[in-house]
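Note sheet for the following structure.
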Amino acid sequence: MADNVTAEDIKNFYSDARVLYRRLAVDNARELVVCMEAIALWIFLEGMGFPNLVKKLLRTHDKVVNMIMDEASLCFGWLESITPPLPSANVSDMPLTQELMGGKPINSALVYRNRMDVLSKVNATVSESFAIAFDDIIREVSGMSFAELNVQPLLPDQHDARSFPYHYPQQAPCVVGKPLYGLKSTDGVDIAVYPVFTPSSLMFYGGSASSAPMNIPNHTPLAKEEYIPEIKRGIFFTFYRENPVQQRELENYLERSFGDRCIEKVTMQQVPENEKPLWASVVFCSEIPVLAIMQGRETAPMSINGKKVWAGKEWM
C-alpha cells in the first residue's frame with residue numbers, strides 16, 4: 001500500500017483482504033497458507049506500482065480467481081528455487097494477472113529479480129498482519145489457530161524447481177489469439193484465458209501446495225463385491241522432524257481435498273508425549289485420492305499448510 005494511506009484506507013483494505021481470503025479458503029477450499037502468501041504477494045506488487053489486485057479479484061469470476069491463484073503459486077515455486085525462470089520478452093507466464101492489471105507487464109522472471117524483497121515482505125505480512133486478521137477464518141476451516149499451524153516462512157534456495165514438475169509447471173509459449181474461453185467479471189471486464197501451461201491434476205485434487213479440490217464428490221464405504229485391497233487405497237506420509245504435521249491437520253487437509261468421508265482410517269507413529277509423529281499411514285475409502293496424489297509415482301512431494309510432506313507407496 002502507498003505511504004500516504006489513512007487509517008480508514010487500512011481498515012477498508014483489510015476488510016477487502018478478509019473477504020477475498022474467506023472466498024479462497026472457505027468457498028473455494030484453497031490451501032490456507034498459500035492463500036495468505038498470494039494476497040501478500042499482490043500487496044507487494046501494488047507497492048511496486050501495479051493496480052490493487054485484491055479489490056479487482058473481489059469482482060472477478062471464481063474460475064479466473066483460482067487460475068490467478070495458480071499463477072501466484074507458480075511465482076512462489078520460483079522464488080524458493082535455485083533455478084530462476086527463463087525471461088521472455090513477449091510472453092508472460094502470468095497472463096491473467098497481467099490482464100487484470102490492465103496489461104502492465106508482469107511475469108515470474110520480474111518477480112524473481114526482486115526475490116529477497118518479495119520473500120521478506122510476504123513473510124512479514126503473513127506472520128505480522130494476516131496471523132491476526134485471518135485467525136478466525138483459519139480456525140473455522142482447520143480447527144486450529146494460526147499459531148497452531150506452525151507456518152514456516154518462504155525461504156530461498158530450497159530446491160531445484162525442475163525436480164518438482166507437478167508444482168512448478170514447465171514454461172511454455174503463450175498461444176496468443178483465440179482464447180480457450182472468455183469470462184466476464186461483474187464489473188464488465190473481459191477476461192480471456194490462454195493456455196500458458198497445463199497444470200497437473202494434482203493442482204485440482206489437493207496434492208499440490210497451490211490448490212485444493214474442485215467438485216470432488218464425497219466417498220462412501222465400498223460394497224463387499226467392489227472391495228479394493230487396502231494397499232491400493234493407502235498412502236504413507238512422512239514429515240520433516242523440524243516441522244511435523246498433526247493428525248487432525250492431516251485429516252482436515254485430506255477431507256478438504258477429497259470430501260468429508262474420504263478416509264477409512266489413519267495410523268500415526270506412536271511416540272512419547274514430548275515428541276511428535278514423523279509419519280502417518282492413511283487408508284482411503286476409494287482409490288481416487290491415491291491416484292490423484294501419486295500420479296503413478298513411488299513418491300510425491302506435497303505441502304500441507306506450508307509444511308513439506310512426502311507421500312509414498314513403497315512403505316505401505
Does [X] use its side chain to pair, donor to acceptor, with the backbone of [Y] at less than 3.5 Å?
X	Y	value
Gln269	Leu278	yes
Ser81	Gly77	no
Ser120	Met116	no
Glu31	Val34	yes
Asp135	Ser145	no
Gln295	Leu291	yes
Thr60	Lys56	yes
Arg23	Leu57	yes

Minimum heavy-atom separation for [X] and [Y], please, with both atom names.
X	Y	value
Leu79	Tyr112	CD2-CA, 4.1 Å
Asp16	Lys55	OD2-NZ, 2.8 Å
Val126	Ala40	CG2-CB, 4.3 Å
Ala280	Leu250	CB-CD2, 3.8 Å
Lys313	Ile235	CD-CG1, 4.5 Å
Met101	Pro51	O-CG, 3.6 Å

Go through it in stages, so that I can follow the logic: the residues are Gln246 and Met144, the test is side-chain contact (heavy atoms from CB on, under 4.5 Å), and I'd like the CA-CA distance, side-chain angles, deciding distance and then a yes or no. CA-CA 11 Å; Gln246 301 177 43; Met144 292 183 287; 4.1 Å; yes

Between Glu148 and Arg248, is the salt bridge (Lys or Arg N to Asp or Glu O under 4.0 Å) condition met? List the steps. CA-CA 11 Å; Glu148 289 176 310; Arg248 61 174 173 169; 3.2 Å; yes

Counting C-beta onward and ignoring hydrogens, is there a side-chain heavy-atom pair between [X] and [Y] closer than 4.5 Å?
X	Y	result
Glu249	Leu149	yes
Tyr240	Lys307	no
Phe239	Lys308	no
Ser303	Val309	no
Val282	Phe236	no
Trp310	Pro301	yes

Check ion pair [X]-[Y] (N to O, under 4.0 angstrom):
X	Y	result
Arg22	Glu140	yes
Arg18	Asp136	yes
Glu230	Lys265	yes
Glu99	Lys104	no
Glu80	Arg115	no

Angle between ring planes, Phe284 versus Phe237, binned at 30° and 60°: parallel, tilted or perpendicular?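 Perpendicular.
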
Between atom [atom1] of [X] and atom [atom2] of [Y], what is the distance when rounded to the nearest 0.5 Å?
X	Y	atom1	atom2	value
Lys121	Leu45	NZ	CG	11.5 Å
Leu154	Cys75	CG	SG	11.5 Å
Cys262	Glu251	SG	CD	9.5 Å
Lys232	Glu287	NZ	CD	6.0 Å
Asn243	Ile304	CG	CD1	11.0 Å
Leu119	Glu37	CG	CD	9.5 Å

Ignoring hydrogens and geometry beyond distance, is a side-chain donor-acceptor pair present between Asp93 and Ser108 at under 3.5 Å?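 Asp93 vs Ser108: donor-acceptor pair found between side chains.
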
Between Asn66 and Arg30, is there a side-chain donor-acceptor contact under 3.5 Å, judged purely by atom types and distance?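 Side-chain D/A pair, Arg30 to Asn66: present.
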
Check this for me: Gln270, atom CD, are more than 12 non-hydrogen atoms of other residues, nucleotides or ligands nearer than 6.0 Å?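 Counting neighbours around CD of Gln270, 12 or fewer heavy atoms of other residues, nucleotides or ligands fall under 6.0 Å, so no.
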
From CA spacing to verdict: side-chain contact (heavy atoms from CB on, under 4.5 Å), Arg261, Glu255: CA-CA 7 Å; Arg261 293 175 291 174; Glu255 288 171 353; over 6 Å; no

Are Phe76 and Leu41 close enough, and set up right, to give a side-chain contact (heavy atoms from CB on, under 4.5 Å), and what steps lead you there? CA-CA 9 Å; Phe76 294 130; Leu41 172 64; 3.8 Å; yes

Are [X] and [Y] connected, step by step, through hydrophobic side chains (Ile, Leu, Val, Met, Phe, Trp, Tyr) whose heavy atoms are closer than 4.5 Å?
X	Y	answer
Ile138	Ile132	no
Ile39	Met48	yes
Val19	Ile43	yes

Of all residues at least two apart in sequence or in a different chain, which pass the ring-ring contact (aromatic ring centres under 6.0 Å, His included) check with Phe146?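 Here no residue qualifies.
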
One pair to check against side-chain contact (heavy atoms from CB on, under 4.5 Å): Ser142 and Leu32. What are the steps and the verdict? CA-CA 9 Å; Ser142 68; Leu32 292 172; 3.7 Å; yes

